[in-house]
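None of the values given here were measured: they were computed from a predicted structure.
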Amino acid sequence: MYNSDIKRRIPAGQPGVVANTNDTMDEFQASDPYGPNPLKPAFQQHQQHSHHREHPSHRPPIRKEYSSNKYIRFYQQNDFILIPVFLTLLSFWTRFRDIKSSDYVVWDEAHFGKFGSYYIKGEFYFDVHPPLGKMLVGLSGALGGYNGSFGFDSGAQYPDGVNYGFMRIFNAFFGAIMVPLAYATAQELNMSLTASIFAAVLVLFDNAYLTISRFILLDSMLLASTCFVLFCLTRFRNERHDPFSLDWWLWLAMTGVAIGLVCSVKWVGFFVTALVGLYTVEELWDLFGDLNMPKTTYIKHWVARAACLIALPFSVYVTSFILHFAILRNSGTGDAQMSSLFQAGLNGNQFTRNPLEIAFGSMVTIKNTGYGGGLLHSHVQTYPEGSGQQQVTTYHHKDNNNNWIIKRAHGLSIDFEKEEVQILRDGDVVRLVHEGTSHNLHSHRIKAPVTSSQWEVSAYGSDTIVDNNDEWTIEIVDEQSSHPRNGVLRSLSTTFRLRHKMLGCLLTAENKNLPQWGFRQIEVTCDQRNRTTSSHSIWNVEQHWNDKLPAGGASEYRSKFWKDFWHLNVAMMTSNNALIPDPDKEDVLASNPSQWPFLAVGLRMCGWGDDKAKFYLLGNPIVWWGSILSIIGFTLTLAFYIVRRQRKFQDISPADWEQFQYTGKILVGGWILHYAPFCIMGRVTYLHHYFPALYFSLLLFSYMLDHFLQRPTISAKTRTIVWGVAFTTVTLTFLFFWDVSYGIHGPVYPKMASRQWRGAWNIIDDHKPNTFI
């Protein structure tokens, strides 16, 4: 007799017990594509028992005995509603209480509050994250009556005109709904009622989740949407025996919507997307093995998943960018990340003063047309190796180091004030002189610092130092306006190549970042491969100054959405790749992924003076340690079961074995997909990057306790004691670390000395933790 069959309960108040007839069972087995594999003899003796338990519509309800006390009976009859409602209300209380206690900008509120301001003002900006979460921050500010004028400087006190309390509550809402989602997901994973409550309590009483939810950040939105994806996936999986029903379609579509939402908040959402993708591949492979399934039905399964898990999430993701571009119609700080034509369509741009046609003597900025391309740039710093000459890069911010003066080749007149204007045409040979340093754009047969197969590009020489390696030939590619294609070089609309006159190579920027000595800016090379169609070798003039030419007037040029969409996403990816640790600077907030699972590190979220409330990002130690131990415990238990089953020992029923494998794939797989990438990526990492992975291990913690406590050899008394100890320990530890979440007031010592459980935590001393785990 397998005790696990009593875990899932039909809500109280539903009528009688459904008869368990063999006729019903046989009919289900004949039509179920998820039936047992007849090639696995160890499972055959339990086939009927397994299928009856797994099919949701055929699971027999449990007859309950109700108390004679009307209040207890009311609870017993409605516990399926009362329990999640109570957990949700408690979650809102913990997230919302005293949320305005710190009236100053805390940690990354300096970034995301500022981004929200841009949406309120409609000013275009650039950030490495997709726009949905930041649009919601802007929405919270607008709903709270904020006009977007506050600068959100780190540590600055909020003025009266910023309803920061409402903005924080708006964000805390997403952190609060994680608790009922955890409860519901545990139910869908077939955990007992007690285990489902414990899973919710683990999320509810984790100090790190609580703290991160109470500020104007994106993390609560990311976590809530990750929880929603997992819930929708597990709910959809439980509809697998009734394919193409209304509920089946609903939860498949909801999974797709959830994927679109999480990916539109942060790209970390692609990790849970990968989990859904792997589950879907396995599911389709299992269906492929059903020889009784018609081919048309199998194709319908593919089409349904392609529509709901690819097209639908992509549509949600694209929609967030449509709204992003529609709201941000004014010129702002992020203009330089986008194409020149896109910038020309922004209100308040400076391009109306651009003379239309480019001439010798003009001063220009030159934009690379490749996706994520920047402005041709130079500065006084030199290459530490190679030629040792002045660096040339592309750069995504507008400053005077992007300005170049177009002059004739060496030996020709450069007295532009006295001579007539000569418009540039296809085939003209020019020198590009850096305005700030008077050096010429230059290339030579010296290997580039990163792309060593191509030639280095530098700034070198002057008007008086004659070097033919300073000369470039203009090759016009296209005219993106209604003006005639007559070989004239125009600002904004004409695209062109710059070919080195002596070497024959093309000026190119392929979005490869220089090391820290180059400020992580984009490397510029002279490409010998003659790839004339590569967008990274094609340029356009963005800004143009020439007092002898008339202003061009208001621009009528507009870029296409899909090109802008792709351009911005590539720019986000390029900037994200540049977020690597600086070896010359110590980042006391950064941490190593090896320190996260065992909570070897915390994070100071603000200044540590005695005059302000201080917040320390630290998880509930019992929750975190229990979670990582559950990962280890599951791995060992799985190995034990596999060895035992190979020897034909049946420690658990086939239904429980299938559920054990499925739960491990989802929860352990989700943990690995969210944790492992940070172990191999080169970017700088922080403690909060572990939070999505933690959620999967929290659920596994509850599942593993439930799995062992439901064994027939475990008495009800033992089960009650263990659960009681688990609930009590988690709750008391949360209360013990209460102040790290709600604010440490006054001196941290000696008040917080007893909370310094690990020497690497810098609650008391300001030091850089250096432990491995």
Side-chain angles (χ1 to χ4, degrees), residues 335-341 343 350-351 354 358 362-383 389-407 424 428-444 448-451 454-461 469-477 489-492 494-501 503 505-514 518-527 534-545 567 571 574:
D335 292 7
Q337 291 284 351
M338 300 300 293
S339 69
S340 301
L341 286 180
Q343 295 178 57
Q350 300 178 358
F351 299 158
N354 274 5
I358 314 298
S362 292
M363 185 169 69
V364 297
T365 62
I366 301 175
K367 177 87 169 179
N368 188 269
T369 65
Y371 291 115
L375 293 161
L376 189 65
H377 176 92
S378 188
H379 39 238
V380 296
Q381 286 76 15
T382 59
Y383 292 111
Q389 295 172 3
Q390 186 170 300
Q391 297 173 18
V392 171
T393 65
T394 61
Y395 188 50
H396 291 94
H397 298 277
K398 295 183 178 182
D399 65 26
N400 291 335
N401 280 331
N402 303 330
N403 297 343
W404 301 84
I405 300 171
I406 302 176
K407 296 187 177 183
L424 284 170
D428 284 344
V429 177
V430 300
R431 284 186 297 127
L432 294 175
V433 181
H434 188 244
E435 183 205 23
T437 61
S438 298
H439 290 319
N440 301 309
L441 185 70
H442 181 92
S443 187
H444 39 220
V450 176
T451 312
Q454 308 304 331
W455 300 131
E456 177 193 88
V457 173
S458 64
Y460 171 75
N469 282 326
D470 301 337
E471 297 173 357
W472 303 81
T473 302
I474 294 174
E475 297 179 353
I476 290 181
V477 176
L489 183 63
R490 300 180 178 89
S491 60
L492 294 176
T494 305
T495 56
F496 59 92
R497 294 182 293 268
L498 287 171
R499 187 181 296 276
H500 195 268
K501 183 179 178 183
L503 301 177
C505 51
L506 294 174
L507 189 72
T508 301
E510 293 188 302
N511 287 338
K512 294 183 179 179
N513 296 97
L514 291 169
F519 308 102
R520 303 297 302 167
Q521 295 174 13
I522 304 300
E523 178 192 43
V524 174
T525 65
C526 203
D527 194 332
S534 172
S535 61
H536 297 292
S537 299
I538 299 176
W539 307 77
N540 68 267
V541 170
E542 184 166 286
Q543 286 189 274
H544 176 206
W545 299 269
H567 189 109
T574 303

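- With sequence neighbours excluded, the residues satisfying side-chain hydrogen bond (donor to acceptor under 3.5 Å, both in side chains) with Q390 are S378, T437.
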Worked check of side-chain contact (heavy atoms from CB on, under 4.5 Å) between Q381 and F519: CA-CA 10 Å; Q381 286 76 15; F519 308 102; 3.9 Å; yes

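- For T525, the side-chain hydrogen bond (donor to acceptor under 3.5 Å, both in side chains) test picks out no residue, with sequence neighbours left out.
- Annotation: side chain of L441 is in contact with side chain of L376 (closest heavy-atom distance under 4.5 Å).
- H444 is linked by a side-chain hydrogen bond (donor to acceptor under 3.5 Å, both in side chains) to H442, E456, counting only residues two or more places apart in sequence or in another chain.
- Looking at residues two or more places apart in sequence or on another chain, you find no salt bridge (charged side-chain N to carboxylate O under 4.0 Å, His left out) involving K512.
- Contact of the W404 side chain with the E435 side chain is not registered, since no non-hydrogen atoms from C-beta on lie closer than 4.5 Å.
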Stepwise side-chain contact (heavy atoms from CB on, under 4.5 Å) test for Q543 and F351: CA-CA 6 Å; Q543 286 189 274; F351 299 158; 3.4 Å; yes

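- Looking at every heavy atom in both residues, S535 comes nearest to N368 through O-OD1, 3.7 Å.
- R497 places no side-chain N or O within 3.5 Å of a backbone atom of W539 that could act as its donor or acceptor partner.
- Q521 and T394 share no side-chain donor-acceptor pair at under 3.5 Å.
- In terms of heavy atoms, W455 sits closest to S443 at CB-OG, 3.8 Å.
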Test side-chain contact (heavy atoms from CB on, under 4.5 Å) applied to E523 and T451, step by step: CA-CA 8 Å; E523 178 192 43; T451 312; 2.7 Å; yes

Pair Y395-H379, ring pair (Phe, Tyr, Trp, His ring centres under 6.0 Å): steps then yes or no: CA-CA 11 Å; Y395 188 50; H379 39 238; 8.0 Å; no

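- Side-chain atoms of I406 and V364, non-hydrogen and from C-beta on, do get closer than 4.5 Å to each other.
- Atom CG of residue D527 and atom OG of residue S534 lie 7.5 Å apart, to the nearest 0.5 angstrom.
- A distance-only check finds a donor-acceptor pair linking the side chain of K367 to the backbone of A336 [under 3.5 Å].
- Side chains of L514 and P449 form a contact here, defined as non-hydrogen atoms less than 4.5 Å apart.
- A search for side-chain hydrogen bond (donor to acceptor under 3.5 Å, both in side chains) contacts involving S537 returns T508, not counting sequence neighbours.
- Between R490 and I358, the shortest heavy-atom contact is C-CG1, 4.0 Å.
- Considering only heavy atoms from C-beta on, Q389 comes within 4.5 Å of Y460 through its side chain.
- Looking at H500, its side chain never comes within 3.5 Å of a backbone N or O of C526 through a donor-acceptor pair.
- Under the 3.5 Å distance criterion, with hydrogens and angles disregarded, no donor-acceptor pair is assigned to the side chains of T369 and N540.
- For N402 (side chain) and H397 (main-chain N/O), a donor-acceptor pair under 3.5 Å exists by modelled atom type.
- Residue H377 is tested with N401, T365, I522, I366 for a side chain to side chain contact (heavy atoms under 4.5 Å, CB included); the sole match is N401.
- Checked by atom type and distance alone, the side chain of H544 never pairs as donor or acceptor with a backbone atom of S362 at under 3.5 Å.
- Contact detail for S340 and L492: the closest heavy-atom pair is CB-CD2, 3.6 Å.
- Counting only distance, with no hydrogens or angles, the side chain of W545 and the backbone of N354 share no donor-acceptor pair below 3.5 Å.
- In this structure, Q391 contributes its side chain and T382 its backbone to a donor-acceptor pair below 3.5 Å.
- Closest approach of H567 to S339, counting heavy atoms only: NE2-N, 3.8 Å.
- No donor-acceptor distance shorter than 3.5 angstrom exists from the side chain of N400 to the backbone of G436, with no hydrogens or angles considered.
- E471 is linked by a salt bridge (charged side-chain N to carboxylate O under 4.0 Å, His left out) to K501, counting only residues two or more places apart in sequence or in another chain.
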L498 and T473: CA distance, side-chain angles, deciding distance, side-chain contact (heavy atoms from CB on, under 4.5 Å) verdict: CA-CA 6 Å; L498 287 171; T473 302; over 6 Å; no

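- In terms of modelled atom types and a separation under 3.5 Å, the side chain of K398 and the main chain of L375 share no donor-acceptor contact.
- Atom OG1 in T574 sits 11.0 Å away from atom CZ in R520 (nearest 0.5 Å).
- Rounding to the nearest 0.5 angstrom, the gap separating the NE2 atom in H536 from the CG atom in L507 is 13.5 Å.
- Atoms CG and CG, on L489 and D428 in that order, are 9.0 Å from each other to the nearest 0.5 Å.
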